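Remember, predicted model here, so these are calculated numbers, not experimental data. Heads up: numbering here begins at 1 and tracks the sequence.
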Amino acid sequence: MIHIGKCIATALREERHTVQWLADELYCDRSNVYRLFRRSSVDAAMMMRLSRLLNRDFFALYSEALRRGEDMMPDPVTEAPADPLTAEQ
């Protein structure tokens with residue numbers, strides 16, 4: 001399963017940007033960025049924004065997993081629901 005929050009955190013680090021930089025780009029607080037890192041999924045609009053900001057095609061992660069036949073859905077028992085504070089960012 002893809003944990004997009006971890007992928008975003010890795011991309012941010014590889015691009016040598018700070019959490020504050022991403023918060024500024026997303027017009028949110030740093031705490032929301034840290035919540036984003038804990039999320040196993042994000043909506044398509046947010047993923048598009050993040051892909052552009054971090055020079056990554058996060059959609060390709062899902063396309064590749066789909067081609068390999070991997071389960072991409074989070075386990076509803078172990079995964080927390082989407083954080084409403086970051087869902088609208």
For this session: Could you check Leu12 against Leu53 for side chain to side chain contact (heavy atoms under 4.5 Å, CB included), going step by step and ending with a plain yes or no?
Result: CA-CA 9 Å; Leu12 183 68; Leu53 288 169; over 6 Å; no
Problem set entry | From CA spacing to verdict: side chain to side chain contact (heavy atoms under 4.5 Å, CB included), Leu50, Leu36 | CA-CA 11 Å; Leu50 291 163; Leu36 179 66; 4.0 Å; yes
For this session: Show the numbers, then the answer: is there a side chain to side chain contact (heavy atoms under 4.5 Å, CB included) between His17 and Leu22?
Result: CA-CA 7 Å; His17 290 300; Leu22 186 56; over 6 Å; no
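Contacts classified as salt bridge (Lys or Arg N to Asp or Glu O under 4.0 Å) and involving residues 17-29 (residues at least two apart or in different chains) are not found.
A donor-acceptor contact shorter than 3.5 Å is absent between the side chain of Ser40 and the backbone of His3.
Between Arg52 atom CZ and Asp57 atom CG the span is 11.0 Å, to the nearest 0.5 Å. Considering CH2 of Trp21 and CG of Leu54, their distance stands at 5.5 Å, rounded to 0.5 Å. Between Arg67 atom CZ and Ser63 atom OG the span is 5.5 Å, to the nearest 0.5 Å. Taken from CD1 in Ile8 to CE in Met47, the straight-line distance is 8.0 Å, to the nearest 0.5 Å. Of the inter-residue distances, the one linking Glu64 atom CD with Ile2 atom CD1 reads 9.0 Å to the nearest 0.5 angstrom.
Closest heavy-atom contact between Arg30 and Ala23: N-CB, 3.8 Å. Nearest heavy atoms, Arg39 versus Val42: NH2-CA, 4.0 Å. Closest approach of Leu26 and Met46 over heavy atoms only: CD2-SD, 4.1 Å. Of all heavy-atom pairs between Ala11 and Phe58, the closest is CB-CZ, 3.8 Å.
Atom CZ of Arg16 has 12 or fewer neighbouring heavy atoms from other residues, nucleotides or ligands inside a 6.0 Å radius.
Within the 4.5 Å cutoff, no side-chain heavy atoms of Tyr62 are placed close to those of Phe59.
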